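Remember, it's a predicted structure, so these values are computed and weren't measured experimentally. Worth knowing before you read on, the calculation uses all heavy atoms, side chains too, and leaves out hydrogens, waters and symmetry mates.
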Number of protein chains: 2
Amino acid sequence: MGTRPTVRPNLVEVAKASGVSRSTVSRVINNDPNVKAATRERVLAAIRSLNYQPNIAARGLASGRTHVLGLVIPQGVSALFSDPYFPILIQGISGACNRLDYSVMLWLAEPEFERRMIRQVLHGGLIDGVIVSSMVLDDPIIQALVEHKKPFVLVGRHPHHTDVNFVDTDNVGGARDAVAHLMRLGRQRVATITGPLNMIPGADRRDGYLAAFNERGLVSNPDLIIEGDFTEAGGYLAMQRLLPHRPDAVFVASDVMAIGALRALQQANRRVPEDVALIGFDDIPAAARAQPPLTSVRQPIQQLGDTAVQVLLDQINNPDQGPQRVLFPPTLMIRTSCGHLMRRTTLPGPHRGGGI
Amino acid sequence: MGTRPTVRPNLVEVAKASGVSRSTVSRVINNDPNVKAATRERVLAAIRSLNYQPNIAARGLASGRTHVLGLVIPQGVSALFSDPYFPILIQGISGACNRLDYSVMLWLAEPEFERRMIRQVLHGGLIDGVIVSSMVLDDPIIQALVEHKKPFVLVGRHPHHTDVNFVDTDNVGGARDAVAHLMRLGRQRVATITGPLNMIPGADRRDGYLAAFNERGLVSNPDLIIEGDFTEAGGYLAMQRLLPHRPDAVFVASDVMAIGALRALQQANRRVPEDVALIGFDDIPAAARAQPPLTSVRQPIQQLGDTAVQVLLDQINNPDQGPQRVLFPPTLMIRTSCGHLMRRTTLPGPHRGGGI
DNA sequence: ATTCTATTTGGGAGCGCTCCCAAAGTCTCC
DNA sequence: GGAGACTTTGGGAGCGCTCCCAAATAGAAT
């Protein structure tokens, strides 16, 4: 400690220390098979003893490959606080990058800096590929990535760009299954609190709700569809607006909103699940801890992030293959809030009022 | 659209387009004052028309400055999901970086990849400085940063490294004020659920609790101090262990734990605040929405991130100045859960039991 | 041993930028 | 009008790496 210089060694010094040329060291660190085993060992020993780490900037300059991925999270800032979705996603992405020897650059795109961000992603030369977790339809970054042929993968499908890489949860299917479950339990007035319908998961989950009706030849009641905003407060307000229409079940498009809805129900003295059954979406940790524990559609968020990295690297390494599309099936986690099969006698009458 | 080449223009092309030399263009993009105004205009026009963006890798190689900051979040992964602290901190850091024309590389340090991460941060040559949001005492990254003289700033003070840059909330003071408030309201048996005591904010907030006793010449009761783990479940369990010791107030070292504690109290039919007053820490959004709304010590998390960036850039630009230490005073957000001044008649008896 | 091929290694060139020093241009003042 | 000082510009060198081609070496076949 202390005698070793704190300056970074470079290729040439490693080469000198192991008695080979620059090129050979380069081959070793890039796993080129054309190196004799003995030579490779010698070089690796020198690398270890000098604590050598290739300079990413130089490597990026020379090869155009930096082993850095960009993660772009557009959309309003607010959701990032309130919903554990993004932290878990970031976790999944970061874990995969650690494992695969990549690094992550993070852009939380604020609209006012979006143009600069796009320029930097596309032209900065520092990024091998981009993971975009956009949920809004008209995101300029996607168009820019397509035009500049930058490798990228979407987390969450995009209806206008179907021929690009994406990984997603089957939001439509998950919502449909949840609503079908409520119907199977005998609920007659199944409502939904949607996400913002200009966000793709918002629209998809709404479509799943509608699909459950269509499949049974039923028509949905527009009064029972309220648009929320994926926040707790939004779920609370939406539930309040829904109450006069006497739903006996609500499919809420996110757990965070469902928790808000639950609060509104309790305030109105409606029992869950006896008076109103509730199913959320995402299965965040708080869902299981709610009172009553919240039935929820679980999506494998961390796996989404992990897979996004794999798809992106695959695309970077084989640019000529077609786009990959991965859709994970969600799982309905049945807890208390959706209730059991209703016996005829407990079917709600036209208007029961609430209360203990 | 379409005719413009998708390849990135470089300095030489900008130089050619504006009829000056490479060097002059370089001066313009680096805001060197030694450029005639007319020339500068001409170059800027060319930059705009070519949509030029300096190559970060090349710039980093040549100058050793990349305009990239590293953000290292060590510690177990779990806290990242459950607590909005980190998302908000990241938000603050990212916002400041956007404003100041920097980018962020994110490392969620998993222990198994920590050595590689450190090597990359220190020797990768891609990072101008590092923001470390460590909360554990024996973090190897901090030692490594000190030894290699890499500019860095801690978010959260570190008791062993007092001569380094840091920004922090005054955790001791915030906790002391919260406990003093409970005492002033007439509570007799003020307990605390601490964070993990090997985490710095955990220890600091415990110390603040103790300080409130010391300042009044009181001694604290060890039975009323339970170590938690900053999770909801941990707060729930800690509260259960605390109940037999009949606290009439609890200072909980984080809101997430406080929400768990609240759940335990309600399950045990203890009224909040009548039987047990509660104060949390952090003032996360969920605190205000709890039932009853949770009194909490607010720390300016986003500002912490923002300031960390400023301090770090300051340090990068003036490496010879001494370390900066910034301590933000927290604010006690008084809501329902801590109750009002107790009249003598409502002082709790030895054991009242709970219940509606 | 000799030729031919396959494997392994070495060194030049260049990625796009900054830094430095020297050259050219401009202004001032006696 | 020319010396001196200051401002502005240009071009060489080099950051640490990869890529490519050529050279050296080893191995196989005759």
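Phosphate contact (OP1/OP2 of D/dC15, side-chain N/O of A/Asn10, threshold under 4.0 Å): absent. Between C/dG10 and A/Ser21, a contact under 4.0 Å exists linking OP1 or OP2 to a side-chain N or O. A sub-4.0 Å separation between OP1 or OP2 of D/dT18 and a side-chain N or O of A/Ser26 is present.
The distance from the CD1 atom of B/Ile142 to the CG atom of B/Leu154 is 5.0 Å, given to the nearest 0.5 Å.
Inter-residue side-chain proximity for A/Val153 and A/Gln315 is flagged as unmet; no heavy-atom pair is nearer than 4.5 Å. When side chains are defined from C-beta on, A/Thr24 does not count as touching A/Lys36, because their heavy atoms never get closer than 4.5 Å.
Atom CZ of B/Arg65 is separated from atom C1' of D/dG16 by 19 Å (rounded to the nearest Å). Computed from coordinates, the A/Leu61 CG to C/dC15 P distance equals 10 Å when rounded to whole Å. One interatomic measurement links the two molecules: CG of A/Asp32 to C1' of D/dT18, which rounds to 11 Å at whole-angstrom precision. Following rounding to the nearest Å, B/Asn34 (CG) and C/dA23 (P) show an atom-to-atom distance of 19 Å. Rounded to whole Å, atom C1' of D/dG27 lies 12 Å from atom NZ of A/Lys36. Following rounding to the nearest Å, A/Arg27 (CZ) and D/dC21 (C1') show an atom-to-atom distance of 11 Å. One can place CD1 of B/Ile56 at 19 Å from P of D/dG16, the figure rounded to the nearest angstrom. Rounded to an integer number of Å, the gap from A/Arg59 CZ to D/dG16 C1' is 11 Å.
Within 4.0 Å of B/Val20, counting heavy atoms only, lie sugar-phosphate atoms of the nucleic acid but no base atom.
Of the listed nucleotides (C/dT18, D/dC17, D/dT9), D/dT9 has the atom at the smallest distance from the side chain of B/Thr39. Considering only the side chain of B/Asn55, C/dG16 comes nearest among C/dG16, D/dG11, C/dT9. Comparing C/dC17, D/dT18, C/dT9 against the side chain of A/Thr24 picks out C/dT9 as the nearest. Nearest to the side-chain atoms of B/Arg22 among the listed nucleotides C/dG16, D/dA13, D/dC17 stands D/dA13.
Between the side chain of A/Ser23 and the base of C/dG11, a donor-acceptor pair under 3.5 Å is found.
Among the candidates A/Ile73, A/Ile131, A/Ile301, the single residue satisfying the side chain to side chain contact (heavy atoms under 4.5 Å, CB included) test with A/Leu89 is A/Ile301.
Between the side chains of B/Asp314 and B/Gln310, no donor N or O sits under 3.5 Å from an acceptor N or O.
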